[in-house]
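Take a look at the structure set out below.
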Amino acid sequence: MRWSLGGFRPWLFQRISAVYMLGFLLFFMLAIYSCPPTDYQAWREWFAHPVMWMATAIFFVSLFLHVWVGLRDVILDYLHNVPIRLVVLISLGISLISLTLWVFRALFTVAYL
Amino acid sequence: MRFLIQRFNPETDEKPYLQEYEVEVTPGMMLLDAFKAIKEQDESLAVRYSCGEGVCGSDAMNINGTNGLSCITPLADLKEPVTVHPVPGMPIIRDLIVDMSTFYHQYRAVKPYLIHHDPMPETELLQSPEDRDKLDGLYECILCGCCSTACPSFWWNPDKFRGPAALLQAWRFLADSRDQATALRLDELEGPYRLFRCHTIMNCMNVCPKQLNPTEAIGHIKKLMLKHSI
């Protein structure tokens with residue numbers, strides 16, 4: 001039975017998410033620089049566009065998974081007390097899941113309200 | 001030349017301390033020669049060495065902050081006072097001699113031998129010169145432990161992380177055309193610790209007295225895992 005934290009998959013995801021986030025951020029900065037949204041309405045419409053909406057959602061999911069892998073690595077390296085490690089890992093997991101839900105709430109507000 | 005050498009006898013000392021020695025240096029002397037001279041002044045100093053020419057890997061130690069073999073470290077290259085500690089992160093048996101058990105445990109764990117499932121041929125198990133070339137830079141490891149004991153990931157998790165020396169050997173057998181246990185070897189390196197505690201710090205390749213590159217070998221293992229997973 002394999003119940004432990006993974007090794008290869010988190011590592012691979014850390015790489016893929018890094019590349020995606022770099023691409024997204026470059027695109028985002030270029031877009032803001034070349035044709036900045038003129039007002040709040042334009043800004044909302046930009047994010048409500050399905051492609052931009054999806055790209056942003058993927059960006060934040062990548063960001064939180066990237067943070068999970070990175071901080072998990074720091075915890076595995078330095079926190080050797082098992083109960084404390086478990087508590088810290090679970091708190092980190094809950095925080096990141098909450099942040100993801102919050103981002104999705106914001107994105108749904110942009111798209112449907 | 002002045003030397004500050006870490007002394008520790010677990011039976012009598014509470015904690016390690018530095019002891020100063022003065023040695024007359026002649027041109028061409030290696031650090032190991034200085035130890036031999038010091039042992040004439042103070043025979044209680046414990047140092048492990050054997051071949052004296054960088055082949056056996058017995059005399060790994062921390063010299064002026066960097067791991068290396070005393071027998072191939074010229075005194076002329078060292079700044080005075082020469083400060084010598086045992087390799088970091090290992091339990092000290094006495095003075096500069098450390099207990100390498102965890103290091104050997106991790107080495108054994110990667111199954112450092114050919115695993116061949118097919119019936120063995122009547123004569124030799126042949127290998128093309130090109131395939132043999134793939135083992136260059138891997139087979140030369142003398143298991144001195146300079147790399148693993150310079151690796152912060154190995155300091156934090158010596159019981160779970162294989163460490164650069166063992167992972168270099170893992171790749172040495174994965175890269176061998178005669179080995180048939182690729183899937184088994186890769187499987188055994190999966191998990192958050194064994195291979196993936198490596199954060200590409202590269203202390204290992206910096207200190208290797210044989211100029212080998214465990215970091216690169218670890219990268220090859222990860223690439224092979226990728227190939228086997230998609």
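Chain letters run A, B, ... following the sequence lines, proteins first and then strands; every chain starts at 1.
Shown here for Phe8(A) and Glu190(B), the closest heavy-atom pair between the two residues is N-OE1, 3.0 Å.
The number of heavy atoms from other shown groups lying within 6.0 Å of CZ (Arg9(A)) does not exceed 12. Environment of CD in Glu20(B): crowded, with over 12 heavy atoms of neighbouring residues, nucleotides or ligands closer than 6.0 Å.
With a 4.5 Å cut-off on non-hydrogen atoms, Leu12(A) touches chain B through its side chain but not through its backbone. Neither the backbone nor the side chain of Phe161(B) comes within contact range of chain A; no heavy atoms are under 4.5 Å apart. For Leu226(B), the parts sitting under 4.5 Å from any heavy atom of chain A are the backbone and the side chain alike.
For the pairing with Leu76(A), the side-chain contact (heavy atoms from CB on, under 4.5 Å) check across Phe196(B), Trp156(B), Tyr193(B) returns one residue only, Tyr193(B).
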